[in-house]
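Everything on this sheet refers to the single structure shown next.
Note that these values count all heavy atoms, side chains included, but never hydrogens, waters or copies made by symmetry. In what follows, chains are A, B, ... by sequence order, proteins preceding strands, each numbered from 1.
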There are 2 protein chains.
Amino acid sequence: MLYSEDMPREAMQREAGLGKGRPARIGFLLSQLGAHATELFAAQTKELGITPSEAGVIRIIGRSPGISQRELADILGSVQSRVVALIDRLEGAGLVTRTRSSADRRVQELRLTESGAATLKLLRRAAEAQEAAIVEGLTPQQADELFELLSALGSLRGLDSEIHLGYRDSAR
Amino acid sequence: MLYSEDMPREAMQREAGLGKGRPARIGFLLSQLGAHATELFAAQTKELGITPSEAGVIRIIGRSPGISQRELADILGSVQSRVVALIDRLEGAGLVTRTRSSADRRVQELRLTESGAATLKLLRRAAEAQEAAIVEGLTPQQADELFELLSALGSLRGLDSEIHLGYRDSAR
DNA sequence: TATTGTTATACTCTATAACTATA
DNA sequence: TATAGTTATAGAGTATAACAATA
């Protein structure tokens, strides 16, 4: 639940001093729709037997075969011990392999198995299906417009266009 | 992390079969921006010494003084034991009171203390400030447009315009 | 000494189930 | 019997700190 789930529209409008016909609810809508999109995607990864976090790891490894656990932790904005647990799980599920680097034997090189690569394909297909479901009901022009506005907002906020760090506990 | 944090734009575009100049990234952007909005709000509630969940509870009680814990649980889509913990915390912080109902002595009637009502005001002010921060950089026309498009999406998805259920574990 | 990875541990959030008091 | 609330407990997720192997 978030910050305006129960606030009457009139009250927000009045208190925000907007009164121009648009209530102060963009933040709320973003938060609500974002959570919804996140849940939809989570439901899809669940069918593949993985969590959204694990899906993110699979994509990163798919893009950078041989990446080390340390590098992965940096990209995720997480700690090494968390990565150990994530990879333990994915290795156990037969989706990822660990190989000691011959150049530096401290390093574990991460790669997708054949099954992991197949899962990555399914993840991409799921993302496409979700995109279609989200814009369903909007005209193509509206969808383009929405995309432009959200992109602009993202750039303004300084968010990386490729990386989504997710919902951190530290923020709560 | 979510479903396209590392997927190259070209790949998504190609695989989604869009190819009309717009990559299939609205779902990702919504999720990313939603998480960002959520984090910003969480940082603000933290300064008030409460979590976003507790902020939601304060708003609901402020809107419905005398509400029971059972009713609150229903609104939150949560269970009674969770509400017990939430109210324990807010009561301990002096923001909420429990009073046994004289009509049905099983029921605890929840109300904001003076301090709780003050916190609610601060929460509303924080929401206004965040709204301003979010649309900062957009023209008023763009902000209006964005609001309309997000509202349309919300109606389409059948989301309640007043209630945001948040990020459930069940979805992960 | 510094770094990669691992293990042990603890804390937060939230759910389930058993229980108490009241209806 | 049914319901409101409470307590006990457990699981998931993630963080910190100590440690081992390697550089």
If I take atom [atom1] in residue [X] and atom [atom2] in nucleotide [N], what distance separates them, rounded to the nearest angstrom?
{"X": "L86(A)", "N": "dA12(D)", "atom1": "CG", "atom2": "P", "result": "14 Å"}
{"X": "R105(B)", "N": "dA4(D)", "atom1": "CZ", "atom2": "C1'", "result": "13 Å"}
{"X": "L76(B)", "N": "dA4(D)", "atom1": "CG", "atom2": "C1'", "result": "16 Å"}
{"X": "R82(B)", "N": "dT6(D)", "atom1": "CZ", "atom2": "P", "result": "14 Å"}
{"X": "K46(B)", "N": "dC13(C)", "atom1": "NZ", "atom2": "P", "result": "10 Å"}
{"X": "I75(B)", "N": "dA4(D)", "atom1": "CD1", "atom2": "P", "result": "14 Å"}

Could you list the residues that satisfy side-chain hydrogen bond (donor to acceptor under 3.5 Å, both in side chains) with [X], not counting sequence neighbours?
{"X": "S81(B)", "answer": "none"}
{"X": "R100(B)", "answer": "none"}
{"X": "S68(B)", "answer": "E71(B)"}

Pairing residues for S64(B) by the side-chain contact (heavy atoms from CB on, under 4.5 Å) criterion, not counting sequence neighbours: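 S64(B) satisfies side-chain contact (heavy atoms from CB on, under 4.5 Å) with I67(B) once adjacent residues are dropped.
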
Reckon S78(B) has a side-chain N or O less than 4.0 Å from the OP1 or OP2 of dA15(C)?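 Affirmative; the distance criterion is met.
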
Side chains of T113(B) and T97(B), donor plus acceptor under 3.5 Å: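 Looking only at side-chain atoms, T97(B) and T113(B) do not form any donor-acceptor pair under 3.5 Å.
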
With 3.5 Å as the limit, what N/O pairs link the protein to nucleotides 3-7 of chain C?
from, atom 1, to, atom 2, distance (Å)
dT3(C), O4', R106(A), NH1, 3.2
dT3(C), O2, R106(A), NH1, 2.9
dT4(C), OP2, R70(A), NE, 3.2
dG5(C), OP1, Q69(A), N, 3.3
dG5(C), OP1, Q108(A), N, 2.8
dG5(C), OP1, Q108(A), O, 3.4
dG5(C), OP2, Q69(A), N, 3.3
dG5(C), OP2, R70(A), N, 2.5
dT6(C), OP1, Q108(A), NE2, 3.0
dT6(C), OP2, Q69(A), OE1, 3.1
dT6(C), OP2, Q69(A), NE2, 2.8
dT6(C), OP2, R98(A), NH2, 3.1

With sequence neighbours excluded, tell me which residues meet salt bridge (charged side-chain N to carboxylate O under 4.0 Å, His left out) with E91(B).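 E91(B) satisfies salt bridge (charged side-chain N to carboxylate O under 4.0 Å, His left out) with R98(B) once adjacent residues are dropped.
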
Go nucleotide by nucleotide along DNA chain D from the 5' end; which of A103(A) and V79(A) gets its closest nucleotide reached first?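 The residue mapped nearer the 5' terminus is V79(A).
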
